[in-house]
Amino acid sequence: MTANESSAPAVDTVTVAYSVSGMSCGHCEKAVSEELSALPGVVSVAADAKAGRVSVTATAMPSDDAVRAAIDEAGYELTGRA
């Protein structure tokens, strides 16, 4: 095994992009990312305020309702999948 190889098994993930309205700055991106990162199964979140998009990568994708609730909690609006 080389230094770049890992003995841990690969974990399958899925990434879904969502359209979010109301984000306008880095603070907005952080707020949405923190709420979504707290959902079970989520391994990474990439929010882009300028594009109005959030990409969520998870081992078990949360329901759209759970994603909507997290985005609502951050103070923004999920407008659908991108």
Side-chain angles (χ1 to χ4, degrees):
M1 184 178 304
T2 66
N4 291 334
E5 292 181 38
S6 171
S7 60
V11 176
D12 289 334
T13 60
V14 62
T15 300
V16 176
Y18 298 93
S19 296
V20 178
S21 67
M23 294 190 304
S24 62
C25 64
H27 173 74
C28 301
E29 294 170 346
K30 182 178 179 192
V32 169
S33 294
E34 286 178 353
E35 290 294 334
L36 290 170
S37 292
L39 295 176
V42 173
V43 294
S44 70
V45 177
D48 182 346
K50 186 173 183 176
R53 288 176 50 124
V54 177
S55 294
V56 177
T57 302
T59 55
M61 190 56 64
S63 70
D64 285 348
D65 288 340
V67 171
R68 181 178 307 281
I71 291 171
D72 285 349
E73 182 66 28
Y76 305 95
E77 181 182 357
L78 174 68
T79 57
R81 290 191 180 208

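Model, not experiment: these values are computed from the prediction.
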Minimum heavy-atom separation for [X] to [Y], with atom names?
X: Pro40; Y: Pro62; value: O-CG, 4.1 Å
X: Ser37; Y: Val45; value: OG-CG2, 3.5 Å
X: Ala47; Y: Ser33; value: CB-OG, 3.7 Å
X: Tyr76; Y: Ala31; value: CE1-CB, 4.2 Å
X: Val16; Y: Arg81; value: CG1-NH1, 3.7 Å

Let me confirm one number: the [atom1]-[atom2] distance from [X] to [Y], rounded to the nearest 0.5 Å.
X: Leu36; Y: Tyr18; atom1: CG; atom2: OH; result: 8.5 Å
X: Glu77; Y: Ser19; atom1: CD; atom2: OG; result: 11.0 Å
X: Cys28; Y: Asp48; atom1: SG; atom2: CG; result: 12.0 Å
X: Glu35; Y: Asp72; atom1: CD; atom2: CG; result: 10.0 Å
X: Ser24; Y: Glu29; atom1: OG; atom2: CD; result: 9.5 Å
X: Thr13; Y: Met61; atom1: OG1; atom2: CE; result: 8.0 Å

Determine, using the 4.5 Å side-chain heavy-atom cutoff (strictly less than), whether Val67 and Val43 are members of one ILVMFWY cluster.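 They do not share one cluster, since no chain of ILVMFWY contacts under 4.5 Å joins Val67 to Val43.
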